[in-house]
Amino acid sequence: MSYSIAKCDSGITLLGLTNFDAAQIFDCGQCFRFNAVSDGTSDIAGIARGRYLRVHTDGQSVSLVGACEDDFHSLWETFLSLDTDYAAVDDEITSAFDTILGREDEVIRRAIKRGSGIRILRQQPWEALISFIISQNNNIPRIKKIISALCEAYGEPIDTPDGVMHTFPTPDAIAGAGVDGIFALKTGFRAKYIIDAANRVLCGECDLDALAKPSVSAEDSAAQLMKINGVGPKVAACVNLFGLSKISAFPVDVWIKRVLARHYPEGLDYTRIGRYAGIAQQYLFYNERWE
DNA sequence: CGCCAGGCGGGGG
DNA sequence: CCCCCGCCTGGC
């Protein structure tokens, strides 16, 4: 999985990086704030961790446009999960499925092959929490629209090469908006959930930094998150997986239910997949969603 | 018009 | 404990 970092005219280039496909990573539904840059390139750009990131892909190499090495080590290496050996992860997932089913599983092999460029982004816990509360009973275009409106209304503006963009609003900013302010952004019945989340985070009742500690299990973390009104098992699992680095979390949504019914009619005990279950979930999801 | 979209809370059986 | 309904909104 070794790759090298080089400076280039536009930023930094990552050479020899495998298991990395920007289109898959930013289009597999884990993240709602990145989009194709509309300038003829197939670059993908957005705001993460309060900073602008633009990913350019050119054949074998991936470059982070406008980034310097310090940015890479302090932000993007972690955000993009480049410290994880996905080839090793894939092997472990494959053998876990074989063990659970007691046979060679072609379904997970195909899903891994198709989604081989996916990496789980390490998003900020607070952003993941609000994003997946908004995602419930909703579709991706509208989720993106609502989150964008939320950032424009209550985030901080930052200048980028693509114009003014906005950071994700703080719990304080969202709580200050009140239910009416959040409802005005077309969040519908989720407005009161979003405010409840902000209030619980602000008063310390929900301590996201504490939940992010590796010593806190995914189960304990989910139990804490589900005290928030509007957070059930699915949203909690997504926050664990995408915001709290708890990669064993396995969100079960309608697409995964479809996968289980169609491809594992004899049943699949996904609680036995193990420490990389969340990555397996992404492969299965991606394979089903964009079949 | 009705139905659905990456769920969840609340009520009734 | 499980099942089922309603829910904001936009797109079809």
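Naming convention: chains lettered A, B, ... in sequence-line order (proteins, then strands); numbering from 1 in each chain.
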With rounding to whole Å, what would you report as the distance between [N] and [M] at their [atom1] atoms?
N       : M      : atom1 : answer
dG2(B)  : dG6(C) : C1'   : 15 Å
dG6(B)  : dC2(C) : C1'   : 23 Å
dG11(B) : dC8(C) : P     : 15 Å

Sequence neighbours left out, what pairs pass ring-ring contact (aromatic ring centres under 6.0 Å, His included) with at least one residue falling in residues 179-201 of chain A?
->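 For residues 179-201 of chain A: none.
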Sorted by first residue and then second, give each ring-ring contact (aromatic ring centres under 6.0 Å, His included) pair with at least one member in residues 229-250 of chain A; sequence neighbours left out.
-> Phe132(A)-Phe242(A), Phe250(A)-Tyr270(A)
Is it true that a side-chain atom of [X] and a backbone atom of [Y] form a donor plus acceptor pair closer than 3.5 Å?
X         : Y         : result
Glu127(A) : Gly243(A) : no
Gln30(A)  : Ile25(A)  : yes
Asp207(A) : Gly204(A) : no
Arg119(A) : Asn19(A)  : yes
Gln281(A) : Pro251(A) : yes

Within the structure shown, what part of the strands sits under 4.0 Å from Gly232(A) by heavy-atom distance: base, sugar-phosphate, or nothing?
-> sugar-phosphate
Describe the nucleic acid contact of Pro233(A) in one word from base, sugar-phosphate, nothing, applying a heavy-atom distance below 4.0 Å.
->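 Touches sugar-phosphate only.
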Among residues 254-269 of chain A, which residues get a heavy atom nearer than 4.0 Å to DNA chain B?
-> Val254(A), Trp255(A), Arg258(A)
Letter by letter from the 5' end, nucleotides 5-12 of chain C scores (B base, S sugar-phosphate only, - none; protein heavy atoms under 4.0 Å) --BBBS--
What is the 5' to 3' range of DNA chain B, first to last nucleotide, that sits under 4.0 Å from any heavy atom of chain A?
-> dA5(B) to dG9(B)
Is any side-chain N of the basic residue among Asp196(A) and Arg200(A) closer than 4.0 Å to the acidic one's carboxylate O?
->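 A salt bridge links Asp196(A) with Arg200(A).
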Indicate yes or no: does Asp90(A) engage Lys113(A) in a salt bridge with an N to O separation below 4.0 Å.
-> no
Might you confirm whether atom CG of Asp39(A) has over 12 heavy atoms from other residues, nucleotides or ligands at distances under 6.0 Å?
->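 Yes, CG of Asp39(A) has more than 12 neighbouring heavy atoms, counting only those of other groups under 6.0 Å.
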Does a sphere of radius 6.0 Å around NZ in Lys144(A) hold more than 12 heavy atoms from other residues, nucleotides or ligands, not counting ones at 6.0 Å or beyond?
-> yes
Which atom names give the shortest non-hydrogen contact between Ile12(A) and Glu69(A), and what distance separates them?
->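 For Ile12(A) versus Glu69(A), the nearest heavy atoms are CG2-N, 4.1 Å.
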Do Ile112(A) and Phe97(A) have side chains that get closer than 4.5 Å, going by heavy atoms?
-> no
What base-paired stems does DNA chain B take part in, with at least 3 consecutive Watson-Crick or G-U wobble pairs and both distances under 3.5 Å?
-> B:2-5 with C:9-12, B:7-13 with C:1-7
